[in-house]
Amino acid sequence: MSKTAESRFPDPGATAADPSRWKALVFIALAQLMVVLDATIVNIALPSAQQDLGISDGNKQWVITAYALAFGGLLLFGGRIADLWGRKRTFVTGLIGFAAASAIGGAANSEGLLLGARALQGVFGALLAPAALSLLAVTFTDAKERAKAFGIFGAIAGGGGAVGLILGGFLTEYLDWRWTFFVNIPFAIVAALGAYFVIREPAAGRNRSALDIPGVVLSTLGLVSLVYGFTRAESDGWSDATTISLFVAAAVLLATFVAVESRVKAPLLPLRVVTNRNRAGVYLSLGLAIIGMFGLFLFLTYYLQVVEGYSPVKTGFAFMPMIVGMITGSTQIGARLMTRVAPRYLMGPGFLVASVGMLLLTQLEIGSSYTGLILPAELLLGLGMGTAFMPAMALATHGIEPRDAGVASAMVNTSQQVGGAIGTALLNTIAASATTAYVASHAATATNAQLLQLQALVAGFSSAIWWAVGILLVAAAIAVTLINTGRPGTSPVASGAEGVEDEIKMPVAMH
């Protein structure tokens, strides 16, 4: 290994392992679970909250959108704050703020207060999420332990959304929609107390450079415009003047952001973080995979509840095979093989297996067998995604300078958030168009209008899921071709900042 590479990527194994690292993982994972749960838990409670607070049909989307805009728009800022303040302090602050925002949301007696609470949850979530992943990256230094830790974290990141559907169904059906907010409070308090007393952040690695204010403003406005553009496209169509204006604004703002970051002394997002081909491969493939994942949650939830008549709780439990697959793929396949094979040989095949599961769901019809079709499809999706997510999470901080760990972690969350926004809008638009076309082509021969509507709905889901299959195949192709780091021990790693390759020895898995 060259001295240059050695100085840039010091061996983490040279420092003693934190004796409390496994306890720390519990609290980091608990916080991550809370953030991921919140992305889906409110969805099931939304009809009840809408009726209780008198929220109009036109404004109900803002319960979801307010959170998505604040969270997605401020993630890069949150990652930079973690590097500046310290990851532990940012993590605890995010947890306390998230708990307070959840309490306000649960106690809300008006539409405005609920929407404000959701936006506030997004703000503190943007602090919390990148701090959690970067804490994990600097806490675990041994190769095998790091693999296990990221396996657990990857399973939670991937399967937490499905857990949210189960928990949301239970709380809404047996308690009250307000508990989908209140349930965050004990999660956050336990995680914050545990983090305060247990987590020991390494002293090195803080980035105390002055905050890049132009970068903060441009990235926040650009990401908000992008996420809101996809949200508008879902509700108002892709040709809507406001939708087009938002996409144009996002393109201009983000292009300006890149130009500014290449010139300022202390950028919000150092371009070396995203120009490294391995990290770029992770961000792209993960964002695409999330598009497919959100498509599954969206369409399968509608299919089970609207077409098959499942209750919210039964719908939540119907996602259990996917959770089991996620945990198995992440902890038993990904974590065990992570120190033995190159990441692309886990991520590529993982996305391919997930695409096979998605392919099965294109065969959905009214009355399709749960055990014969949906269950095996979910298992394959879970196994594939779990296997791919685990090395992706670890590779996101591979070779990163400690001072950039927070921003690199924020980029993972940003790719997921933008992927989720695209997935919801794009696939829902495709499904709606296919449903309309089906009704138009079969209306003349239909004898039962209600049956025709359900058949059209399922046909729309099937069309959109075909697109999700293709997107997962592209994610697999990107993972295999763009990610070129080898297995731990002998890996040529492309340096995005200098455009050269250093042969470096990696004593830890994908560090």
Side-chain angles (χ1 to χ4, degrees), residues 32 35-36 68 70-84 87 90 94 122 125-138 150 153-154 157-158 205 207 212 215-216 218-220 222-224 226-227 250 253-255 257-258 260-262 266-291 343 347 388-422 475 478-479 482-483 485 493-497 510-511:
Q32 176 67 12
V35 172
V36 177
F71 186 65
L74 292 170
L75 271 168
L76 283 177
F77 180 52
R80 178 66 181 85
I81 289 295
D83 290 333
L84 181 66
R87 298 168 192 97
T90 305
L127 281 179
L128 175 60
L133 183 56
S134 55
L135 272 174
L136 195 68
V138 299
F150 273 102
F153 193 86
N207 185 344
D212 171 22
V216 170
L218 288 167
S219 67
T220 301
L223 288 170
V224 165
L226 185 63
V227 174
L253 287 164
L254 294 176
F257 170 68
V258 172
V260 168
E261 297 307 276
S262 66
L268 174 70
L269 174 63
L271 297 185
R272 60 182 174 267
V273 172
V274 292
T275 53
N276 177 283
R277 66 179 291 166
N278 291 293
R279 284 192 290 275
V282 168
Y283 301 146
L284 283 172
S285 60
L286 201 58
L288 287 169
I290 292 294
I291 293 176
M347 292 178 65
F389 274 21
M390 200 281 305
M393 291 290 180
L395 194 56
T397 50
H398 163 65
I400 199 73
E401 296 179 36
R403 59 183 177 148
D404 295 332
V407 169
S409 302
M411 277 301 300
V412 178
N413 289 284
T414 300
S415 66
Q416 290 177 302
Q417 189 66 22
V418 172
I422 295 171
I478 288 173
L482 203 56
I483 296 171
T485 184
V493 178
S495 171
M510 296 173 288
H511 182 77

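What you see is a predicted model, and the numbers here were worked out from it, not measured in a lab.
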| field | Closest approach of Ala289 to Ala475 (non-hydrogen atoms, all atoms of both residues) | value | N-CB, 4.3 Å
| Gap separating the CG atom of Leu76 from the OG atom of Ser219, nearest 0.5 angstrom | 5.0 Å
| task | Might you point out which heavy atoms bring Pro267 and Arg80 nearest each other, and give the distance in Å? | result | O-NE, 4.3 Å
| message | List the residues meeting side-chain contact (heavy atoms from CB on, under 4.5 Å) with Thr90, not counting sequence neighbours, and say none if there are none. | response | Ile81, Ala82, Trp85, Leu127, Ala131
| message | I need the Ser415 OG to Ile290 CD1 distance, nearest 0.5 Å. | response | 7.5 Å
| request: To the nearest 0.5 Å, tell me how far Asn276 CG sits from Leu271 CG. | output: 12.5 Å
| note | Separation between CZ (Phe257) and OG1 (Thr220), nearest 0.5 Å, reads 8.5 Å
| field | Heavy-atom pair with the smallest gap, counting every atom of Pro130 and Leu75 | value | CD-CD2, 3.9 Å
| query | Sequence neighbours excluded, which residues qualify as side-chain contact (heavy atoms from CB on, under 4.5 Å) partners of Val273? | reply | Leu269, Pro270, Arg279, Tyr283, Ile400, Asp404, Ala408
| note | Rounding to 0.5 Å, atoms OG (Ser285) and CG (Leu395) come to a distance of 8.5 Å
| Taking Glu261 for the side chain and Leu268 for the main chain, is one N or O donor matched with an acceptor at less than 3.5 Å? | yes
| Hey, does Phe71 have a side-chain heavy atom less than 4.5 Å from the side chain of Val35? | yes
| field | side chain to side chain contact (heavy atoms under 4.5 Å, CB included) between Ile483 and Arg277, intermediate numbers included | value | CA-CA 6 Å; Ile483 296 171; Arg277 66 179 291 166; over 6 Å; no
| message | Rounded to the nearest 0.5 Å, what separates atom CG in Asp212 from atom CZ in Phe77? | response | 10.5 Å
| query | Taking the side chain as C-beta and beyond, is there a heavy-atom pair between Leu218 and Leu254 under 4.5 Å? | reply | no
